[in-house]
Structure formats: structure tokens, C-alpha cells
Amino acid sequence: GDTNSVQVYGKTDPKFYTGSTRSQCGSDNCETDTSAASASSNVTNTVTISLTAATEYSSSVTGCDSDDNTIYQGQTALWDYTLTNTGYSEDNYAFTVTASSTTGAETGFWTLSAGLSNGKNLVGTSGTGDSSIESAISITAASDARPGTYNIELVVESNNGGPDAGCNFDVVVPEPDLEIKNTDITFSHNSAWISKNGDNSQIVTIYVKVRNNGGTVDSSGVKTNDIEVKFYVDGAQIGAVETIASLAHGEEVTLSREWQPARAYDDKNEVGLSIVVKVDPSDNIDESDNDNNQGTQYFKVIRTTSSTPSFFIGFFALISAIAMAVMLSSYYRNRDLE
């Protein structure tokens, strides 16, 4: 790897020009010319040659980069790197990738690959051809990997006895993060009615989106399976507990619950009836953020001025009348054609 320079010095010969006595040389013998040269210059030229000492077998690994060091259970991530044969001679290599945990977590079921097959050949500095190659380390965390920081190490071994090369870096397996935003709660109607005496009301469907922004296993080994979701109106639970079978990282499910209001909202003191939906309300799963496990919306239920909402009755009566008129018209038209 060291570089040094060799300098070669040369001094110019005296200059002789055409017509000098030295050109009078016969085929058999030459006269000795003792006269001075017609011209001469004392100029020294330097030629510099740079020499770099090369090891016969050596290599380097650069890169081992990724835009994000987060990895999720059961999902595959790639880390780019470049392998270069820096030795003088052609060489071939064996590859090993290992994962380890500073807290002693199990890594035996991780799937790791260097992206290059054992025996990969690269020419050295003395040859012609490819002396470097780009590849990527493939990492798939085990489906039950616990949250934490893990170290990934790539070792590139020269099959001809050169020193090992490689790189190592950390990846992070996050905790689960179940989430319901306020905007994830929507309704089948903008508002609903309840009769004057409260014995009848409009049925409303509540929709909610639930997602997992994090991993699928918590620090105790509990997976994001059989996740409970509860609906509340005015602080009281409505209906049975909903259960989500499983929720992997990045997945989102939509649940619904029918609700028949039992009271109207107070338009002077309330913006609407409180609708709250909670995911994992009993905190069975350890999460990186528990503050985003519930969403809240407010829904307006209006009391009608009569015991039966005349608007809806009139509306449905109108629809029924139109339908009957269409049926009768069709019947008499068909009979006339016959």
C-alpha cells in the first residue's frame, strides 16, 4: 500500500553538427577527432516513476449502507456494499453474515445472505477485468424477534490466505405501535334523529380504521394477534368486544359497529355525543406509544318535534306512491298492448 518514487537522471551528450571532422570516417578506420564539439549544453533531465507496493492478496468492503436501519419481523431489508480486490493477484472469496444482540436475544432463526456466492472471483491490480463488484446483504428478521438493537456483521474471507475484509452495522427491531386517529372514525350518516319521547331512533353505523405502525412482537414476546377493540358512546361500551386476528407492520383493518342512539345531544352544552374507539384497551401489548390507541369523534343526534319523525314518514310515503304509480302505469300499458 505504500507509494514511493524512483527518479532517473540523465545528462545530455555534446552536440555535433553536420560538417564536423567526426563525420569523416572511412569504412575501415576512423580518424580520432580531438577538436572541441561545435556546441554543448549541460542540461539534466529527470524522469520520475511512481511505484506502489501491492500485497498479493488483499481486499476491501465499502458501503454497507441503507436509508433506514429499521427492520420488522418477517420482512426483508437490503444493505448495499462494494467488494474490491485490492491485491496484486486474482483472488476468490467466501462470505459469512451473522446477527447478534447486545441483550442476548435469539437470532438463530434470522435469514441472512451476503448476496454473493462462495467462490466469487475478482482480478487483482495486475490483471484485466472486474476487480470490484456491487452487491447487497439480505436480512430477514425472525417472525418472533424481540424488539431491540442487533448487530449485523459481514466477513469476506480470501480463499488464498489474504486478510479478512468486511463491515458491521446496527439494525433496530421496533416495538408494536397500534394506532387509531380521530380522523379514522367515520359514520354512515352526518347526523341522526331520535323521536320526541325517545322510544325510536335512527340506526347509525360507526366505522373505524386500526393500523400497526410498529413491529409484531413486544418485549415480552406477546404478538399482535387477537387484538381487542372496544366502542364507547357517552363513556359506556356499546356492543361486544371486536377482535382483530392479526395486524402486521403497515397493515390496516376497518371495523364497523351499528348503534341506535338513546338520547339527543344538548346543542347548548355539547358539540355532539362522544364516540370513542380504543384498540388494546387493557394494554395487553407493550407498545412504543400508548397515547395513540384511541380516537374520538362527536356525533349529533337531533330530537324530533313529534313522536314520529314526519319528514321521514312523508319521504317514504312519497317513494311508495311513486313506486305504486310506476307499477300501475306499466300494468295498464302492457294490457293495452295486448
Side-chain angles (χ1 to χ4, degrees), residues 58-84 86 93-118 120 132-159 161-179 211-227 244 246-251 279-280 282-293:
S58 66
S59 58
S60 67
V61 172
T62 57
C64 289
D65 295 329
S66 179
D67 295 334
D68 185 4
N69 72 334
T70 304
I71 188 169
Y72 299 95
Q73 293 92 341
Q75 297 188 7
T76 300
L78 299 176
W79 263 255
D80 296 328
Y81 71 94
T82 300
L83 170 63
T84 302
T86 57
Y93 306 93
F95 304 90
T96 305
V97 184
T98 57
S100 59
S101 168
T102 55
T103 60
E106 173 64 45
T107 59
F109 295 100
W110 287 47
T111 303
L112 307 166
S113 171
L116 295 172
S117 300
N118 289 338
K120 177 62 184 176
S132 65
I133 188 171
E134 295 180 352
S135 188
I137 303 169
S138 174
I139 306 168
T140 305
S143 60
D144 59 351
R146 300 291 180 92
T149 300
Y150 295 80
N151 183 259
I152 307 298
E153 183 178 21
L154 167 68
V155 176
V156 180
E157 181 183 358
S158 164
N159 288 329
D164 293 344
C167 64
N168 70 83
F169 51 90
D170 289 337
V171 298
V172 176
V173 176
E175 293 181 312
D177 181 20
L178 306 176
E179 179 187 59
R211 68 187 58 84
N212 182 7
N213 298 322
T216 57
V217 180
D218 70 8
S219 55
S220 301
V222 178
K223 295 186 177 182
T224 53
N225 297 337
D226 300 324
I227 304 168
I244 301 173
S246 65
L247 205 58
H249 167 72
E251 284 188 345
V279 58
D280 189 31
S282 302
D283 292 332
N284 295 321
I285 302 172
D286 292 332
E287 302 181 48
S288 58
D289 183 3
N290 280 317
D291 295 334
N292 60 355
N293 280 26

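Note that these values count all heavy atoms, side chains included, but never hydrogens, waters or copies made by symmetry.
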What residues, two or more places apart in sequence or in another chain, satisfy salt bridge (Lys or Arg N to Asp or Glu O under 4.0 Å) together with Glu157? none
Smallest separation among heavy atoms of [X] and [Y], with atom names:
{"X": "Val279", "Y": "Glu179", "result": "CG1-N, 4.5 Å"}
{"X": "Ile285", "Y": "Val222", "result": "CG1-CG1, 4.1 Å"}
{"X": "Ile71", "Y": "Pro174", "result": "O-CD, 3.4 Å"}
{"X": "Asn225", "Y": "Ser246", "result": "OD1-CB, 3.2 Å"}
{"X": "Tyr93", "Y": "Ser58", "result": "OH-O, 4.3 Å"}
{"X": "Asp286", "Y": "Ser220", "result": "OD2-OG, 3.6 Å"}

Count the heavy atoms of every other residue, nucleotide or ligand shown that sit under 6.0 Å from CG of Asp67, and state whether that count exceeds 12. no
Look at atom CD of Glu134 and say whether more than 12 heavy atoms of other residues, nucleotides or ligands are closer to it than 6.0 Å.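 Not buried by this count: 12 neighbours or fewer within 6.0 Å.
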Criterion side-chain contact (heavy atoms from CB on, under 4.5 Å) on Ser113 and Ile137, from CA distance to verdict: CA-CA 6 Å; Ser113 171; Ile137 303 169; over 6 Å; no
CA sep, side-chain torsions, deciding dist, call: Val155, Phe95, side-chain contact (heavy atoms from CB on, under 4.5 Å): CA-CA 6 Å; Val155 176; Phe95 304 90; over 6 Å; no
Under the side-chain contact (heavy atoms from CB on, under 4.5 Å) criterion, do Leu178 and Arg211 qualify, and how do the steps go? CA-CA 6 Å; Leu178 306 176; Arg211 68 187 58 84; over 6 Å; no
Which atom pairs, donor and acceptor, lie under 3.5 Å between side-chain atoms of residues 141-154 and protein residues at least two apart or in another chain?
{"residue": "Arg146", "atom": "NH1", "partner": "Ser219", "partner atom": "O", "Å": "3.1"}
{"residue": "Tyr150", "atom": "OH", "partner": "Arg146", "partner atom": "O", "Å": "2.7"}
{"residue": "Asn151", "atom": "ND2", "partner": "Asn168", "partner atom": "OD1", "Å": "3.4"}
{"residue": "Asn151", "atom": "ND2", "partner": "Phe169", "partner atom": "O", "Å": "3.3"}
{"residue": "Asn151", "atom": "ND2", "partner": "Asp170", "partner atom": "OD1", "Å": "3.0"}

Please say which of Leu83, Thr82, Thr84 ends up in a side chain to side chain contact (heavy atoms under 4.5 Å, CB included) with Ser60.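 Answer after filtering Leu83, Thr82, Thr84: Thr84.
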Candidates Ile227, Thr224, Asp280, Leu247 - the one meeting side chain to side chain contact (heavy atoms under 4.5 Å, CB included) with Pro176: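 It is Thr224, the one option of Ile227, Thr224, Asp280, Leu247 that forms the side chain to side chain contact (heavy atoms under 4.5 Å, CB included) with Pro176.
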Testing the 3.5 Å rule here: is there a donor-acceptor pair between the side chains of Thr70 and Asp68?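 Yes.
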Side-chain H-bond candidate by donor/acceptor type, Ser101 with Thr107, under 3.5 Å: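 No pair is found: no donor N or O on one side chain lies under 3.5 Å from an acceptor on the other.
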Please list, chain by chain and in numerical order, all residues satisfying side chain to side chain donor-acceptor pair (under 3.5 Å) with [X], sequence neighbours excluded.
{"X": "Ser117", "answer": "none"}
{"X": "Thr140", "answer": "Thr76"}
{"X": "Asn118", "answer": "none"}

Quick one: does [X]'s side chain have a donor or acceptor within less than 3.5 Å of a partner on [Y]'s backbone?
{"X": "His249", "Y": "Gly214", "answer": "yes"}
{"X": "Glu251", "Y": "Ala248", "answer": "yes"}
{"X": "Tyr81", "Y": "Ala114", "answer": "yes"}

So Val61 and Val156, do their side chains get closer than 4.5 Å, heavy atoms only?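 Yes, close enough: below the 4.5 Å cut-off.
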Residues passing the side chain to side chain contact (heavy atoms under 4.5 Å, CB included) test with Asp177, sequence neighbours excluded, are Asn213, Glu287, Ser288, Asp289, Asn292
